[in-house]
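These numbers come from a predicted model, not from an experiment.
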Amino acid sequence: MIAVIDFETTGLSPAMGDRATEIAIVLLQSGQVVDRFQSLMNTGKHIPSFIETFTGISNAMLASAPSAQSVMCEASRFVGSIPMAAHNAAFDRRFWQAEMNQADQPSTQDFICTLLLSRRLYPQSPSHQLGRLVEFLNLPKAVRAHRAMADAEMATALLVQMQHDLRLTHGVNQPDHAFLRSVQRCAKYGLPALFAKQLAHSC
DNA sequence: TGCCAGGCCCTCTTTAGGGCCTT
């Protein structure tokens with residue numbers, strides 16, 4: 001099981017005071033979506049006008065949203081100890097840890113990054129932005145990008161496609177979270193050896 | 001629109017610099 005997460009936020013850095021505005025999580029098991037979690041969240045932080053335009057999430061929408069603390073407690077129960085994935089995971093991991101910390105919840109989940117994986121697996125793609133990758137791979141594109149669930153669904157489709165390509169193209173039987181983590185960490189020139197090792201291990 | 005940060009990756013590199021990606 002892998003939990004694919006996406007945050008919408010007021011900016012790029014929790015260390016600079018930015019906060020999450022929306023969270024979406026898709027649970028993926030054996031290539032199938034088995035559950036979803038989504039919520040706006042009110043931290044009391046003002047959303048800059050550029051971000052309102054960018055995400056479509058307004059200060060008025062968050063005024064009636066549940067508190068960040070209650071949403072993150074619910075998200076923590078939803079994910080448990082399941083390993084997580086995100087596109088540019090360094091970004092979502094920072095907000096996950098910062099918001100969990102604010103809500104007095106643990107945040108020990110391991111993350112894999114579909115951005116780093118796509119740079120390894122699809123070096124021919126002209127761009128590794130989530131939307132551009134989805135177009136490059138002919139995957140279903142979200143109608144409303146830059147909303148949390150739409151982006152989480154696209155990242156999930158991307159992850160499923162990468163697992164499929166690892167099986168079909170590279171003969172890897174079970175590209176689970178642990179194996180994806182080794183692909184992500186593997187230097188580009190080392191990938192064929194990694195695939196061969198996994199193939200031999202699974203035979 | 002892109003600035004703000006942080007991490008990865010590439011190269012005209014490694015005693016560094018800049019592009020990409022996330023909102």
Spacing between [X] atom [atom1] and [N] atom [atom2], to the nearest angstrom:
X         : N       : atom1 : atom2 : result
Arg147(A) : dT23(B) : CZ    : C1'   : 13 Å
Arg132(A) : dC20(B) : CZ    : P     : 11 Å
Phe111(A) : dT22(B) : CZ    : P     : 16 Å
Tyr122(A) : dC21(B) : OH    : C1'   : 18 Å
Leu62(A)  : dT23(B) : CG    : P     : 16 Å
His128(A) : dC20(B) : NE2   : C1'   : 9 Å
Met41(A)  : dT23(B) : CE    : C1'   : 14 Å
Glu8(A)   : dT22(B) : CD    : C1'   : 10 Å

Taking protein heavy atoms under 4.0 Å as touching, what does nucleotides 3-9 of chain B look like 5' to 3' if B marks base contact, S marks sugar-phosphate-only contact and - marks none? BBBB-BS
Closest-nucleotide ordering on DNA chain B, the 5'-leading residue of Pro126(A) and Ser49(A):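 Looking at DNA chain B, the more 5' nearest nucleotide goes with Ser49(A).
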Check this for me: Arg167(A), atom CZ, are more than 12 non-hydrogen atoms of other residues, nucleotides or ligands nearer than 6.0 Å?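 Yes - once you tally the heavy atoms of other residues, nucleotides and ligands closer than 6.0 Å, there are more than 12.
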Residue list, salt bridge (charged side-chain N to carboxylate O under 4.0 Å, His left out) with Glu22(A), at least two apart or on another chain: Arg147(A)
CG-NE2 distance between Leu159(A) and His87(A), expressed to the nearest 0.5 angstrom: 11.5 Å
On a whole-Å scale, what distance lies between the [atom1] atoms belonging to [N] and [M]?
N       : M       : atom1 : result
dT1(B)  : dG17(B) : C1'   : 24 Å
dC4(B)  : dG18(B) : P     : 14 Å
dC21(B) : dT15(B) : C1'   : 28 Å
dC12(B) : dG6(B)  : P     : 29 Å
dC9(B)  : dC3(B)  : C1'   : 23 Å

According to salt bridge (Lys or Arg N to Asp or Glu O under 4.0 Å), does anything in [range] pair up with another residue at least two apart or in another chain? List the pairs.
range                       : answer
residues 73-99 of chain A   : Arg19(A)-Glu99(A)
residues 120-138 of chain A : Glu135(A)-Lys141(A)
residues 42-63 of chain A   : none

Suppose the criterion is side chain to side chain donor-acceptor pair (under 3.5 Å): which pairs have a residue in residues 149-161 of chain A, not counting sequence neighbours? Arg36(A)-Glu153(A), Gln161(A)-Asp165(A)
dC21(B) phosphate, OP1 or OP2, under 4.0 Å from Ser127(A) side-chain N/O: yes
Between His87(A) and dC21(B), does any side-chain N or O lie under 4.0 Å from OP1 or OP2?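 No, no such contact exists.
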Just checking Thr10(A): base, sugar-phosphate only, or nothing, at a heavy-atom cut-off of under 4.0 Å? nothing
